[in-house]
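All remarks here apply to the structure that follows.
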Number of protein chains: 2
Amino acid sequence: MSDTEASPEVDARTTHDRLLDAALESFGTKGYDATSLDQLANELGVRKQTILYYHPSKVALLDAVIDRSATELTDALEDAAARSGGGFDRIEAIVRSVFRLAVRRPELLGLLREVTRLGPPASNRILDVFEPMIERATGFLASEMDAGHLRRCDARLLLVSVYSTIVGVATEVEVLRAVGIEPSLRSAAQRRREVIEFLRAALVPD
Amino acid sequence: MSDTEASPEVDARTTHDRLLDAALESFGTKGYDATSLDQLANELGVRKQTILYYHPSKVALLDAVIDRSATELTDALEDAAARSGGGFDRIEAIVRSVFRLAVRRPELLGLLREVTRLGPPASNRILDVFEPMIERATGFLASEMDAGHLRRCDARLLLVSVYSTIVGVATEVEVLRAVGIEPSLRSAAQRRREVIEFLRAALVPD
DNA sequence: ACCGTCGTCTACCAGATGGTAGACACAGCG
DNA sequence: CGCTGTGTCTACCATCTGGTAGACGACGGT
């Protein structure tokens, strides 16, 4: 706990953190299968065995990356939710925070996609962290419907719809290219605005 | 063209078609990287070299699968659009046909996802086939907005939003599991209904 | 009867992949 | 000084990967 005790740990964590960052980057953009330990090691200027020293296998590394990213994601979303008001205002705050992530940490959302694609056991791992937040989100939606702030419908399905819409518009680069939109900061801001209006129209009654 | 000329072609096409089906299935569900030619060959009861006889490389096989699937997808959607009326009715028809695909040919939508994930050159290949349809879709949306049948907004971004929502709700099995929905025919029908209402609220003015 | 083509096969191969075993340097500590 | 633990390395390895070379049988046309 003292400084002299901590300093070797700091050195260790520096390398280890670089590894986790690089792994997140690669898993989140190229995908798990398309990432090899050798290539990851090269990027770090290190041998593959150094990776396997910290994490005994490739899936163990993936698990570690998932755990780290899951808490970062939930923290960002919980934070946005906490700062926001009620009703549609909170949904707008969530959308904004997802777009901020899409611009600043695209690998995080990429990893989320990749993990849902891989299915169990990876998806179960991220689900464990997300579940409480999902629970609270559906609760929030349901109570806002009761209060008449949101159009009434199945809260769980609404959550999936909103998730798909936001994450899709924020991250699906190739689909954007398909309709002739080159990703940029300006286009991201416009997409954010449009998706918020889209959701407002879909969700707010009257 | 005669029967005697056609029958050997029929034999040939039977094997070749089985290959394309198996490749589509595997690329669309497990992903391109996670699919190996050996394993594909085993499923077919055939040696890897037979695959490479029909398609000289793995990417060539992917290209062939993409081409075949792209036309099947566009055919299904164009057909749904052609049978439908105007305004939101057409959008509803599209949603229904996507859900029908999600139930009956989930690999097709899975491949679509996989291809947009892989990026160019694969995504360009599918884009070539989709582009005219995308062009007509944005034109349709724009003209329906002009006619006052749809809420006014950026047509291209609207298309991306709708695409993300539909395909997400129709295919993201793990996300559905996350909110406690086990995929089934009945749940698919409910999801379809809810997503249609969601889109109707978002798109139809007044 | 012969030839060419088509589909499939066996036999290989070079390279990459995830992973094991073990040596070496270096630090803190008794 | 020597012991011990930590981080990194070299050296290997079995397996799998996409891909090449070439043989073999079946079959239709001439």
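Every value quoted in this text rests on a predicted model; they were computed, and no experiment measured them. Order of the sequence lines sets the chain letters (A, B, ...), proteins ahead of strands, with each chain counted from 1.
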Nearest 0.5 Å, what's the CD1-CG distance between Ile51(A) and Leu61(A)?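 So the gap between those two atoms works out to 7.0 Å.
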
With sequence neighbours left out, which residue pairs that include part of residues 105-114 of chain A fulfil the side-chain hydrogen bond (donor to acceptor under 3.5 Å, both in side chains) condition? Glu72(A)-Arg105(A), Arg105(A)-Glu107(A), Arg113(A)-Glu172(A), Glu114(A)-Arg117(A), Glu114(A)-Arg117(B)

Within less than 4.0 Å of OP1 or OP2 of [N], is there a side-chain N or O belonging to [X]?
{"X": "Tyr53(A)", "N": "dG7(D)", "result": "yes"}
{"X": "Tyr54(A)", "N": "dT6(D)", "result": "no"}
{"X": "Thr15(B)", "N": "dT8(C)", "result": "yes"}
{"X": "Ser57(B)", "N": "dG18(D)", "result": "no"}

What integer distance in Å separates [X]:[atom1] from [N]:[atom2]?
{"X": "Asp38(B)", "N": "dC12(C)", "atom1": "CG", "atom2": "C1'", "value": "13 Å"}
{"X": "Asp63(B)", "N": "dG18(D)", "atom1": "CG", "atom2": "C1'", "value": "15 Å"}
{"X": "Ile51(B)", "N": "dT17(D)", "atom1": "CD1", "atom2": "C1'", "value": "13 Å"}
{"X": "Leu52(A)", "N": "dC13(D)", "atom1": "CG", "atom2": "P", "value": "18 Å"}
{"X": "Asp17(A)", "N": "dG7(D)", "atom1": "CG", "atom2": "P", "value": "13 Å"}
{"X": "Asp33(A)", "N": "dT17(C)", "atom1": "CG", "atom2": "P", "value": "12 Å"}
{"X": "Lys58(B)", "N": "dG19(D)", "atom1": "NZ", "atom2": "P", "value": "8 Å"}
{"X": "Leu40(A)", "N": "dA16(C)", "atom1": "CG", "atom2": "P", "value": "16 Å"}

Cation over ring, Lys58(A) on Tyr32(A), under 6.0 Å and within 45°?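 Here Lys58(A) passes the 6.0 Å and 45° test against Tyr32(A).
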
Does some side-chain heavy atom of Leu73(A) sit less than 4.5 Å from a side-chain heavy atom of Leu111(A)? no

Start with the C-alpha distance between Glu197(B) and Arg200(B), add both sets of side-chain angles, then the distance that settles salt bridge (charged side-chain N to carboxylate O under 4.0 Å, His left out), and finish with yes or no. CA-CA 5 Å; Glu197(B) 289 317 306; Arg200(B) 189 195 306 278; 3.4 Å; yes

Mind listing the N/O atom pairs, protein and nucleotides 9-11 of chain C, below 3.5 Å?
from: dC9(C); atom 1: OP2; to: Arg47(B); atom 2: N; distance (Å): 2.9
from: dC9(C); atom 1: OP2; to: Thr50(B); atom 2: OG1; distance (Å): 2.9
from: dT10(C); atom 1: OP2; to: Arg47(B); atom 2: NE; distance (Å): 3.1
from: dA11(C); atom 1: N6; to: Gln49(B); atom 2: NE2; distance (Å): 3.0

Taking for each residue the nucleotide of DNA chain C with the nearest heavy atom, is it Ser36(A) or Pro56(A) whose nucleotide lies nearer the 5' end?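 Result: Ser36(A).
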
Can any side-chain N or O of Ser187(B) pair as donor or acceptor with the backbone N or O of Pro183(B) at less than 3.5 Å?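 Not a single qualifying donor-acceptor pair exists.
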
Verify whether one side chain among Thr165(B) and Thr165(A) offers a donor that lies under 3.5 Å from an acceptor in the other.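 On atom types as modelled, these side chains qualify, holding a pair under 3.5 Å.
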
